[in-house]
There are 2 protein chains.
Amino acid sequence: MLKHKHDHDACIENALEAAQKICEERETRFTPLRRRVLELVWSKHEPITAYEVLDLLSDGKKRVAPPTVYRALDFLIEEGFVHRIESLNSFVGCSDPAHKHQGHFMICTKCSNVTEMNERSLHDVIKKAAESNGYSYENSILEIAGICENCRN
Amino acid sequence: MLKHKHDHDACIENALEAAQKICEERETRFTPLRRRVLELVWSKHEPITAYEVLDLLSDGKKRVAPPTVYRALDFLIEEGFVHRIESLNSFVGCSDPAHKHQGHFMICTKCSNVTEMNERSLHDVIKKAAESNGYSYENSILEIAGICENCRN
DNA sequence: AGTGCCTTGATATTCTATAACAATCAGGGC
DNA sequence: GCCCTGATTGTTATAGAATATCAAGGCACT
């Protein structure tokens with residue numbers, strides 16, 4: 001499952017700290033709930049659904065309601081800490097939260113891992129394509145399905 | 001609403017005839033239901049949801065059930081007559097059904113019109129981007145949000 | 001303490017999609 | 001024609017994803 005062995009706990013910690021810092025700069029509120037949801041999104045390296053987060057968030061006793069999760073996710077997406085994968089109705093942690101952007105992804109159809117591409121050049125090509133067709137560019141989603149290097153062996 | 005005045009009835013007719021012909025070639029069955037659903041998808045130039053199709057399909061008396069619509073849509077997508085717009089949970093008729101492909105779209109955030117881009121070069125860039133990141137390429141969705149020429153006046 | 005605003009809780013509902021099984025229809029071999 | 005087979009459609013029920021609405025709680029500022 002794990003492609004590259006890496007210290008995932010540290011990986012999560014980094015994401016949480018980065019988010020904390022950015023929120024302080026922006027004076028937005030990184031509340032315990034929002035922090036926890038971000039942690040849960042990062043807890044899987046694969047995309048996670050809102051209801052999976054919901055289940056993880058609900059410990060035996062009390063079950064949280066969907067809006068609790070969706071509102072937290074909305075905040076995290078708004079701040080750029082999380083991206084939504086449209087083709088999977090799922091969410092992933094952003095690999096570069098410092099710069100707000102919309103993600104372009106590759107999705108492995110074998111192992112479900114998702115890789116975010118932060119390639120300026122690709123973004124520019126897409127923007128130009130839109131403009132050459134008469135559209136102003138606001139944002140875009142790009143989700144490429146394929147098989148990752150590891151799964152091809 | 002209409003960007004360019006055009007004979008939309010003829011536009012629908014063309015799509016239906018093309019589909020008919022392609023199904024004959026492929027020896028797949030373009031049944032009355034499938035034909036009707038394709039017609040309904042084309043009846044709006046904007047993307048249409050499965051449940052909108054369902055409502056249109058249900059005349060007063062008998063209401064069809066969701067699977068009826070979804071199965072027809074699945075067939076039409078499989079044959080390449082219809083594309084699904086992930087970011088809108090909606091469907092649009094394909095502008096080039098003769099060649100199977102996955103669509104790349106621009107979506108106007110003002111008027112909701114959708115334009116399909118059939119640009120080989122863009123497709124190639126995306127494919128190359130995936131490959132340079134170690135992924136084999138299967139297919140991709142690209143949905144660009146922006147404002148179309150007409151809406152910008 | 002009182003006000004206002006943001007966040008979270010709670011309940012209900014809407015929208016989107018599929019599972020499972022029954023009934024019907026079309027075509028091929030006899 | 002008649003039966004067999006497989007694809008298509010009908011039907012019922014349910015799963016999965018997301019939002020509307022209103023109430024309650026927390027925080028900051030006066």
Side-chain angles (χ1 to χ4, degrees), chain A residues 19-20 23-24 26-41 44 46-79 81-92 112 141 143, chain B residues 19-20 23-24 26-41 44 46-79 81-92 112 141 143:
Chain A
Q20 174 101 43
C23 284
E24 279 167 17
R26 293 181 188 157
E27 298 185 30
T28 54
R29 297 179 52 196
F30 195 51
T31 65
L33 174 65
R34 289 165 177 177
R35 182 188 180 87
R36 178 81 179 119
V37 170
L38 181 57
E39 187 181 7
L40 291 172
V41 168
K44 245 176 113 184
E46 301 166 36
I48 190 170
T49 70
Y51 277 74
E52 285 175 319
V53 172
L54 198 158
D55 287 341
L56 293 170
L57 202 54
S58 306
D59 59 342
K61 290 276 175 196
K62 62 176 152 194
R63 178 160 186 81
V64 308
T68 301
V69 173
Y70 280 101
R71 281 187 295 226
L73 288 171
D74 285 347
F75 172 84
L76 297 170
I77 290 169
E78 176 65 27
E79 293 294 328
F81 304 153
V82 165
H83 293 296
R84 180 182 157 79
I85 309 287
E86 296 291 340
S87 61
L88 301 175
N89 291 343
S90 298
F91 304 85
V92 289
S112 299
I141 68 175
E143 296 169 15
Chain B
Q20 175 101 42
C23 283
E24 279 166 17
R26 293 181 187 156
E27 297 185 31
T28 54
R29 298 180 51 198
F30 195 51
T31 66
L33 175 65
R34 289 165 175 175
R35 181 187 181 85
R36 178 81 179 118
V37 169
L38 181 57
E39 186 181 8
L40 291 172
V41 168
K44 244 176 113 185
E46 301 165 35
I48 190 169
T49 71
Y51 277 74
E52 285 177 317
V53 172
L54 197 158
D55 287 341
L56 293 171
L57 202 54
S58 305
D59 60 341
K61 290 275 176 200
K62 62 177 152 195
R63 177 160 186 80
V64 307
T68 301
V69 172
Y70 280 101
R71 282 188 294 227
L73 287 171
D74 285 346
F75 171 85
L76 297 171
I77 290 169
E78 176 65 27
E79 293 294 327
F81 305 154
V82 165
H83 293 296
R84 181 182 156 79
I85 309 288
E86 295 291 341
S87 61
L88 300 176
N89 291 343
S90 297
F91 304 85
V92 288
S112 299
I141 67 175
E143 296 170 15

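No hydrogens, no waters, no symmetry mates; every other heavy atom, side chains included, goes into these values. Being a predicted model, the structure only gives us computed values, none of them experimental. Quick note on labels: first sequence line is chain A, next is B, and so on, each numbered from 1.
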Partners passing side-chain contact (heavy atoms from CB on, under 4.5 Å) against [X] (at least two apart in sequence or in another chain):
X: A:E39; value: A:I12, A:L16, A:R36
X: A:Y70; value: A:A50, A:Y51, A:P66
X: B:E24; value: B:Q20
X: A:E52; value: A:K44, A:I48, A:T49

Sub-3.5 Å pairs of nitrogen or oxygen atoms, protein against nucleotides 16-22 of chain D:
residue, atom, partner, partner atom, Å
D:dA17, N7, A:Y51, OH, 3.3
D:dA18, OP1, A:R84, NH1, 2.5
D:dA18, OP1, A:R84, NH2, 2.8
D:dA18, OP2, A:Y70, OH, 2.8
D:dA18, O5', A:Y70, OH, 3.4
D:dA18, N7, A:Y51, OH, 2.8

Note to self: Quick check for you: to the nearest 0.5 Å, what is the distance between B:R84 atom CZ and B:I77 atom CD1?
What the structure shows: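 Spacing of CZ (B:R84) from CD1 (B:I77) equals 7.0 Å.
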Item checked: Worked check of side chain to side chain contact (heavy atoms under 4.5 Å, CB included) between B:E46 and B:V92 -> CA-CA 7 Å; B:E46 301 165 35; B:V92 288; over 6 Å; no
Notebook entry, point to check: Taking DNA chain C as the partner, which of residues 30-37 of chain A come within under 4.0 angstrom of it by heavy atom?
Noted result: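 The stretch gives A:T31, A:L33, A:R34 as the residues lying under 4.0 Å from the strand, ordered by number.
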Check: What residues, two or more places apart in sequence or in another chain, satisfy side chain to side chain donor-acceptor pair (under 3.5 Å) together with A:S87?
Finding: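 By the side chain to side chain donor-acceptor pair (under 3.5 Å) rule, A:S87 matches A:E143.
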Next item on the list: Sequence neighbours left out, what passes side chain to side chain donor-acceptor pair (under 3.5 Å) with A:R34? Give chain and number order.
Entry: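 Once residues adjacent in sequence are excluded, A:R34 has no partner under the side chain to side chain donor-acceptor pair (under 3.5 Å) criterion.
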Check: Can you pull the contact range of chain B along DNA chain C, 5' to 3', using atoms under 4.0 angstrom from its heavy atoms?
Finding: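 Listing 5' to 3', DNA chain C meets chain B from C:dT16 to C:dA26.
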Notebook entry, point to check: Expressed in angstrom and rounded to an integer, what is the separation of A:R29 atom CZ from D:dG26 atom P?
Noted result: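 Between P of D:dG26 and CZ of A:R29: 12 Å.
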Checklist line | Pairs satisfying salt bridge (charged side-chain N to carboxylate O under 4.0 Å, His left out), at least one member in residues 63-78 of chain B, at least two apart | finding: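 Every salt bridge (charged side-chain N to carboxylate O under 4.0 Å, His left out) pair that includes a residue of residues 63-78 of chain B, provided the two are not neighbours, is B:D55-B:R63.
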Next item on the list: Mind running side chain to side chain contact (heavy atoms under 4.5 Å, CB included) on B:V37 and B:T68 for me, showing each step along the way?
Entry: CA-CA 10 Å; B:V37 169; B:T68 301; over 6 Å; no
Item checked: 5' priority, DNA chain D, between B:F75 and B:K62 [closest heavy atom] ->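 Nearest nucleotide further toward 5': that of B:F75.
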